[in-house]
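One structure is given below, encoded as structure tokens.
Since the model is a prediction, treat every value here as computed from it, not as a measurement. Position 1 is the first residue of the sequence, and the numbers go up from there.
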Amino acid sequence: MLIQIPRGWEIPERDVTPEPLAFGRRAALAALAGTGIALPAAAQEIPAATRNLRYRGERDITAEREATTYNNYYEFGTDKGIHRAAQRLPQRPWTLRVEGLVDRPREFGIEDLLRTMPIEERVYRLRCVEAWSMVVPWTGFPLAALLEQVGPRTEAKYLRFETAALPGVMPGLRQSWYPWPYVEGCTIEEGMNDLSFLVVGAYGKPLPPQNGGPIRFHQPWKYGFKAGKSLVRISLVAERPKSFWEAIQPSEYGFWANVNPEVAHPRWSQATERVLGTGERIPTRLFNGYGEFVAGLYTNLQRERLWT
Ligand SMILES: Nc1nc2c(c(=O)[nH]1)N[C@H]1C(S)=C(S)[C@@H](COP(=O)(O)O)O[C@H]1N2
Ligand SMILES: [Mo]
């Protein structure tokens, strides 16, 4: 059967809203479940979330428009203006597989995660290795809560994050010299740290595809490239995974990639950053200002290249 579905951005706002309102959003979603029909982002929901005040943005929250229209998502292209192209990424159905050295490997549907995980809002800073930064109210849950569900084994030392690679909707995949799919990684200890956050929303709304919807990762003390978008698989492994950027240019992008103003990128300084939206230049902080929560992870790793 051939079904013609308008893509998210082709549906005028007025056409999206009335139907879910008339029939109830849940009912409308249920009617589509299992049909394989991709829902436009506007028809999805995330639970209302309470803000976790343990982690403070400390700076003004970036305008939503800036954060959702200035993106790095190479699967859709190498420039920052991929937000329209990214609307083609289907957000439902979506499953995240968690597997490897675990007692109970499992596939989680995005709706299961939204229903069962401890959803909260966190205002986090994001510092891109390119020296721009933003502050975003993300909705999500700690990665540790998901790992608890699968029972990591003691042999598991690292996490490998794999993100979606859909050639039909991602023109960037035609650039075959890139080592697709986009892969990132961290240690189990880093992943279990409470700051490690799986993000399903931003600004109180479902996470837009250009920001990594329907689910992406974020570790705010590391450079932004560590935060894989549109995750499809998390593997618990014994060996350190090789990441996308490390495979491309190991001298510039390493495994740890902790933010440090004193360690320059080979081609530019990391001492300051440009604030997205205002253009202001401000000093960059060690661990992006999250040292009190994470510095202890690295005390026995001084021989590692922790800052690239
Ligand atoms: N799959 C995938 N994830 C990705 C990227 C990418 O190109 N593909 N870019 C990374 C980089 S370099 C940054 S800075 C952040 C940007 O997230 P944002 O667009 O929400 O600001 O996403 C990261 N995650
Ligand atoms: Mo980045």
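Among Gln210, Lys80, Lys229, the single residue meeting the side chain to side chain donor-acceptor pair (under 3.5 Å) criterion with Asn72 is Lys80.
Annotation: the span from His83 atom NE2 to Asn211 atom CG amounts to 10.5 Å, rounded to 0.5 Å. In this structure, CE in Met134 is found 13.0 Å from CZ in Arg125, a value given to the nearest 0.5 Å.
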**OP:** Could you give me the CA-CA distance, side-chain angles and deciding distance for Phe197 and Asn52, then say whether side chain to side chain contact (heavy atoms under 4.5 Å, CB included) is met?
**Re:** CA-CA 12 Å; Phe197 204 50; Asn52 181 338; over 6 Å; no
**OP:** With side chain to side chain contact (heavy atoms under 4.5 Å, CB included) as the test, would you mind laying out the steps for Arg127 and Gln270 before giving the verdict?
**Re:** CA-CA 10 Å; Arg127 170 60 157 82; Gln270 295 291 23; 2.9 Å; yes
**OP:** Check the pair Thr308 / Trp256 against side chain to side chain contact (heavy atoms under 4.5 Å, CB included), numbers first and verdict last.
**Re:** CA-CA 6 Å; Thr308 42; Trp256 300 96; over 6 Å; no
**OP:** Begin with the C-alpha distance, continue with both residues' side-chain angles, and end with the deciding distance and a verdict on side chain to side chain contact (heavy atoms under 4.5 Å, CB included) for Ile46 and Leu114.
**Re:** CA-CA 7 Å; Ile46 51 165; Leu114 293 175; 4.0 Å; yes
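Remark: Arg240 engages Glu304 in a salt bridge, criterion side-chain N to carboxylate O under 4.0 Å. A salt bridge between Arg285 and Glu58 is present, with a side-chain N of the basic residue lying under 4.0 Å from a carboxylate O of the acidic one. Ion pairing between Arg92 and Glu111 holds under the 4.0 Å rule for side-chain N and carboxylate O. Between Arg305 and Glu246 there is no salt bridge, since none of the side-chain N atoms of the basic residue sits less than 4.0 Å from a carboxylate O of the acidic one.
Under a 3.5 Å cut-off, the side chain of Thr62 and the backbone N or O of Val135 do form a donor-acceptor pair. Formation of a donor-acceptor pair under 3.5 Å by the Gln302 side chain with backbone atoms of Tyr298 is found in this model. Checked by atom type and distance alone, the side chain of Lys157 never pairs as donor or acceptor with a backbone atom of Ile188 at under 3.5 Å.
Remark: Arg174 CZ is loosely packed, at most 12 non-hydrogen atoms of other residues, nucleotides or ligands lying under 6.0 Å away. Enclosure of atom CD in Glu239 is not indicated, since only 12 or fewer non-hydrogen atoms of other residues, nucleotides or ligands lie within 6.0 angstrom. Shown here is Glu262, whose CD atom has no more than 12 heavy atoms of other residues, nucleotides or ligands within 6.0 Å.
Between Ala49 and Ile119, the shortest heavy-atom distance links the atoms CB-CG2, 4.0 Å. Of all non-hydrogen atoms in Ser269 and Ala271, the two that sit nearest each other are OG-N, 2.9 Å.
Between Phe293 and Tyr290, the ring planes are tilted. Angles from 30° to 60° get that label.
Ring centroids of Phe287 and Trp307 are separated by less than 6.0 Å, placing the two rings close together. Remark: aromatic rings of Tyr253 and His265 are close, center separation under 6.0 Å.
Legend: residues meeting side-chain contact (heavy atoms from CB on, under 4.5 Å) with Ala63, ordered by chain and number and at least two apart, are Glu66. Remark: Gln149 engages Arg106, Phe108, Met117 in a side-chain contact (heavy atoms from CB on, under 4.5 Å) (not counting sequence neighbours).
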